[in-house]
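Written below as structure tokens is the structure these notes are about.
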Amino acid sequence: MNKPTNDEIRQNVRKHYQQIAVKEVNPPAVGSCCGAPSDVDALSSQMGYSTDELTAVPQGANLGLGCGNPQAIAELKIGEIVLDLGSGGGFDCFLASRQVGENGKVIGVDMTPDMVSRARSNAAKGNFTNTDFRLGEIEHLPVADGTVDVIISNCVINLSPDKQQVFNEAFRVLKSGGRLAISDIVTTAELPSEIKNDLNELYSGCISGASSLEEVKSMLLQSGFMSINIEPKDESKSFIKDWVPGANVDNYIVSAIIKAKKA
């Protein structure tokens with residue numbers, strides 16, 4: 001069997017999220033990082049979102065896709081420009097927009113047209129006038145050089161088949177002194193071959209495409225980042241174990257807070 005190309009992986013991931021965006025998938029009985037869980041608020045609470053945050057966004061913005069709460073760790077300030085990689089229905093963008101205020105701006109980038117349309121509709125419903133949702137790949141950001149103060153992302157970079165290019169692009173668009181504050185999945189042990197080689201459900205499910213902590217740090221350094229801090233969140237195993245019932249994936253992956261700065 002030939003190894004799929006990077007573009008084939010992207011197309012598979014795009015198709016998966018397009019189905020979620022238009023509600024064509026049947027949500028599983030339990031929550032998955034990237035599988036549209038049936039009780040999104042309960043799962044999001046486990047990820048660290050407060051009741052206030054969950055009720056502050058338009059209905060349909062929170063799709064339960066993620067593994068943490070990146071805007072809670074980003075230390076956002078009034079007037080900052082924020083970029084969300086893989087913005088989905090706009091959930092984290094809307095929360096960030098409250099923190100940066102009307103003089104700030106939040107840009108969401110997603111490669112799925114239906115997700116971008118959904119986010120734009122949610123922004124109109126919630127009157128989030130300081131948000132801007134753009135169609136694009138996180139490996140090729142539709143954002144100008146040196147224009148962003150903070151980059152956030154929630155369980156998305158692991159889905160990219162070219163993570164080094166994602167970090168290179170993140171570094172490019174950040175201003176001098178800008179920072180990266182993301183939640184993502186990292187491996188804690190070598191993935192079994194049956195998981196690692198599943199480039200369909202388990203890749204789109206934020207599992208088989210994950211990199212190790214050391215690999216993520218190496219990629220960030222190669223891109224030029226400094227002050228790198230990667231903090232695994234062991235408590236995330238409480239919901240990760242349910243992503244693939246019976247597969248014990250929590251023995252191999254964990255959610256982590258990943259921070260870095262551009263000099």
Side-chain angles (χ1 to χ4, degrees), residues 10-11 13-25 33-34 36 40 44 49 53-72 74 76 78-157 159-160 166 169-170 172-175 178 180-184 204 206:
R10 288 192 192 95
Q11 292 292 350
V13 172
R14 182 181 288 112
K15 179 180 178 180
H16 178 82
Y17 288 96
Q18 187 270 338
Q19 291 176 325
I20 293 175
V22 297
K23 293 292 188 180
E24 290 181 356
V25 294
C33 161
C34 307
V40 294
S44 295
Y49 292 96
E53 289 172 326
L54 294 174
T55 57
V57 299
Q59 185 176 3
N62 180 17
L63 299 175
L65 308 175
C67 58
N69 183 356
Q71 55 83 37
L76 301 178
I78 293 290
E80 288 191 314
I81 298 175
V82 180
L83 171 63
D84 183 13
L85 305 183
S87 48
F91 182 37
D92 287 315
C93 288
F94 300 138
L95 295 179
S97 77
R98 298 196 308 165
Q99 297 189 52
V100 300
E102 61 182 15
N103 292 325
K105 183 176 183 179
V106 183
I107 302 166
V109 172
D110 202 285
M111 70 171 179
T112 309
D114 284 299
M115 280 295 190
V116 173
S117 295
R118 183 174 186 139
R120 289 172 178 169
S121 175
N122 287 332
K125 285 190 295 183
N127 196 31
F128 287 93
T129 57
N130 62 345
T131 59
D132 177 16
F133 294 96
R134 304 176 184 179
L135 180 66
E137 296 177 347
I138 58 175
E139 299 92 348
H140 308 282
L141 291 169
V143 180
D145 295 1
T147 55
V148 173
D149 293 298
V150 190
I151 292 177
I152 62 174
S153 185
N154 195 353
C155 210
V156 171
I157 296 177
L159 295 170
S160 172
V166 175
E169 279 288 272
R172 175 184 67 80
V173 303
L174 279 173
K175 298 176 182 178
L180 186 77
I182 66 176
S183 294
D184 215 324
S204 296
C206 305

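The figures that follow rest on heavy atoms only: side chains count, while hydrogens, waters and symmetry mates do not.
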Please collect all salt bridge (charged side-chain N to carboxylate O under 4.0 Å, His left out) contacts where either partner lies in residues 144-157, sequence neighbours excluded, each pair once. Asp145-Arg172, Asp149-Lys175
Approximate separation, where rounding is to 0.5 Å, of Leu76 CG and Gln71 CD: 7.0 Å
Please list, chain by chain and in numerical order, all residues satisfying side-chain contact (heavy atoms from CB on, under 4.5 Å) with Val106, sequence neighbours excluded. Val82, Cys93, Ala96, Ser97, Val100, Thr131
Set of side-chain hydrogen bond (donor to acceptor under 3.5 Å, both in side chains) partners for Arg98, sequence neighbours left out: Asp52
Does Asp114 have any salt bridge (Lys or Arg N to Asp or Glu O under 4.0 Å) partners at least two apart in sequence or in another chain, and if so, which? none
Rounded to the nearest 0.5 Å, how far does CG of Asp184 lie from CG of Leu85? 10.0 Å
For residues Ser204 and Tyr17, report the shortest heavy-atom separation together with the two atoms involved. O-OH, 3.1 Å
With a 4.5 Å limit on heavy-atom distance, are the side chains of Met115 and Ile20 in contact? yes
Using side-chain contact (heavy atoms from CB on, under 4.5 Å) as the criterion, list what pairs up with Ala72, not counting sequence neighbours. Asn69
Partners of Thr147 by side-chain contact (heavy atoms from CB on, under 4.5 Å), sequence neighbours excluded? Val143, Ala144
Arg14: what forms a side-chain hydrogen bond (donor to acceptor under 3.5 Å, both in side chains) with it, not counting sequence neighbours? Gln11, Glu137
Might you point out which heavy atoms bring Glu169 and Ile138 nearest each other, and give the distance in Å? CB-O, 3.9 Å
Counterpart residues, side-chain hydrogen bond (donor to acceptor under 3.5 Å, both in side chains), relative to Lys15 (two or more places apart): none
For Leu174 and Val150, the nearest pair of non-hydrogen atoms, with its separation, is CD2-N, 4.1 Å
Residue pair Arg118 / Leu63: nearest heavy atoms and the distance that separates them: NH2-CD2, 3.3 Å
Are any side-chain N or O atoms of Asn130 and backbone N or O atoms of Gly101, one a donor and one an acceptor, separated by less than 3.5 Å? yes
Tell me the closest heavy-atom pair linking Ala56 and Leu95, and the distance in Å. CB-CD2, 4.5 Å
Results of ring-ring contact (aromatic ring centres under 6.0 Å, His included) for Tyr49 - residues two or more places apart only: Phe91
Test of understanding: with side-chain contact (heavy atoms from CB on, under 4.5 Å), list the residues that count as partners of Pro142, not counting sequence neighbours. Val109, Arg134
How long is the gap from OG on Ser87 to CZ on Arg120, to the nearest 0.5 Å? 9.5 Å
Listing request: all ring-ring contact (aromatic ring centres under 6.0 Å, His included) pairs with a residue in residues 103-129, at least two apart in sequence or in separate chains. Phe94-Phe128
Point-to-point distance, once rounded to the nearest 0.5 Å, from CD1 of Ile152 to CG of Asp92: 5.0 Å
Measure the shortest side-chain to side-chain distance between Asp84 and Val156 over non-hydrogen atoms and say whether it is less than 4.5 angstrom. no
Could you give the distance from CD1 (Ile81) to CD1 (Ile151), rounded to the nearest 0.5 Å? 12.0 Å
By side-chain hydrogen bond (donor to acceptor under 3.5 Å, both in side chains) - contacts of Glu80 (at least two apart): Arg179
Could you pull out the closest heavy-atom pair between Ala119 and Gly90, with the gap in Å? CB-N, 4.1 Å
Validation row: Val13, Met111 side chains within 4.5 angstrom (heavy atoms): yes
Pairwise side-chain contact, Asn122 with Lys125, heavy-atom cut-off 4.5 Å (strictly under): yes
